[in-house]
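Report on the structure given below.
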Amino acid sequence: MLERDFKRKEQEKLKEKGWVIIQCVASPGVPKCFPDTILLAPNGYHCLIEWKKGKNAKRQPLQPYWNAKLNGMKHDTFFAEPENIQEILSEILKKGSL
């Protein structure tokens, strides 16, 4: 499965529950290798996700840095892949429920 197809499918599940999805596109205002997506829950919870097509997909050098930095700042940040998406969805839906 392509990363974009995996990402789209999982994001649709969240949109149906009222979440807002913000795509971070590389630009002057977005740091290099910042997570792909910011997810905003209806209750105010938020998290950031870097989508990968599989657990063995290559990570860019700064992606683990941003993941660790943001988690250290108490933001929930995840590397989402088909192998762990159910665990991530379970956690964020629990935190993001009204």
Side-chain angles (χ1 to χ4, degrees):
M1 174 184 303
L2 295 174
E3 179 182 315
R4 72 173 180 251
D5 296 334
F6 164 58
K7 179 166 78 169
R8 185 175 329 139
K9 177 182 153 200
E10 300 304 330
Q11 288 179 1
E12 283 303 316
K13 293 176 188 176
L14 294 168
K15 286 179 185 177
E16 289 171 6
K17 296 181 183 308
W19 289 59
V20 173
I21 313 289
I22 299 172
Q23 300 299 328
C24 298
V25 180
S27 69
V30 178
K32 185 175 182 175
C33 296
F34 197 78
D36 293 331
T37 309
I38 301 170
L39 304 174
L40 306 173
N43 72 351
Y45 171 74
H46 73 279
C47 64
L48 299 98
I49 293 190
E50 176 64 38
W51 300 91
K52 296 293 178 189
K53 66 180 177 182
K55 66 180 180 180
N56 296 321
K58 183 179 177 186
R59 295 181 181 184
Q60 297 301 314
L62 289 176
Q63 287 175 333
Y65 163 81
W66 278 112
N67 186 283
K69 180 168 182 67
L70 293 165
N71 282 331
M73 296 170 67
K74 308 296 183 212
H75 298 287
D76 287 343
T77 307
F78 305 94
F79 284 101
E81 53 221 20
E83 297 87 353
N84 71 358
I85 192 61
Q86 293 310 314
E87 178 183 324
I88 290 171
L89 286 177
S90 177
E91 181 176 340
I92 68 173
L93 287 172
K94 187 182 335 176
K95 291 180 178 181
S97 66
L98 295 173

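- Atom OG1 of residue Thr77 and atom CG of residue Asn71 lie 4.5 Å apart, to the nearest 0.5 angstrom.
- For Asn43 against Ser97, the heavy-atom pair with the smallest separation is ND2-O, 2.8 Å.
- Linking ILVMFWY side-chain heavy atoms closer than 4.5 Å, directly or via other members, places Ile49 and Leu70 in two distinct hydrophobic clusters.
- For the atom pair CG of Leu14 and CG of Leu93, the computed distance is 6.0 Å after rounding to the nearest 0.5 Å.
- Residues in residues 54-64 take part in these side chain to side chain donor-acceptor pair (under 3.5 Å) pairs, two or more places apart or across chains: Glu50-Gln63, Lys52-Gln63.
- Checked against ring pair (Phe, Tyr, Trp, His ring centres under 6.0 Å), Phe34 has the following partners two or more places apart in sequence or in another chain: Trp66.
- Scored by the side chain to side chain donor-acceptor pair (under 3.5 Å) test, Asn84 finds no partners at all (sequence neighbours excluded).
- Salt-bridge annotation for Lys13 and Glu16: absent, with no side-chain N of the basic residue lying under 4.0 Å from a carboxylate O of the acidic one.
- Among residues two or more places apart in sequence or in another chain, the salt bridge (charged side-chain N to carboxylate O under 4.0 Å, His left out) test is passed with Glu12 by Lys15.
- Heavy-atom minimum distance, Ala80 versus Ile88: CA-CD1, 3.8 Å.
- Linking Ile, Leu, Val, Met, Phe, Trp and Tyr residues whenever their side-chain heavy atoms come within less than 4.5 Å leaves Ile92 and Leu40 in two separate clusters.
- A donor-acceptor distance shorter than 3.5 angstrom exists from the side chain of Asp36 to the backbone of Trp51, with no hydrogens or angles considered.
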Could you tabulate the donor-acceptor pairs under 3.5 Å formed by side-chain atoms of residues 17-27, not counting sequence neighbours?
| from | atom 1 | to | atom 2 | distance (Å) |
| --- | --- | --- | --- | --- |
| Gln23 | OE1 | Lys7 | NZ | 3.4 |
| Gln23 | OE1 | Thr37 | OG1 | 3.2 |
| Gln23 | NE2 | Gln11 | OE1 | 3.0 |
| Ser27 | OG | Val25 | O | 3.4 |

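- Residue pairs satisfying the ring pair (Phe, Tyr, Trp, His ring centres under 6.0 Å) criterion with at least one member in residues 72-93, sequence neighbours excluded, are listed as follows: His46-His75.
- Among residues two or more places apart in sequence or in another chain, the salt bridge (charged side-chain N to carboxylate O under 4.0 Å, His left out) test is passed with Glu91 by Lys95.
- In this structure, the side chain to side chain donor-acceptor pair (under 3.5 Å) partners of Tyr45, at least two apart in sequence or on a different chain, are Asp76.
- Residues passing the salt bridge (charged side-chain N to carboxylate O under 4.0 Å, His left out) test with Lys32: none are found, sequence neighbours excluded.
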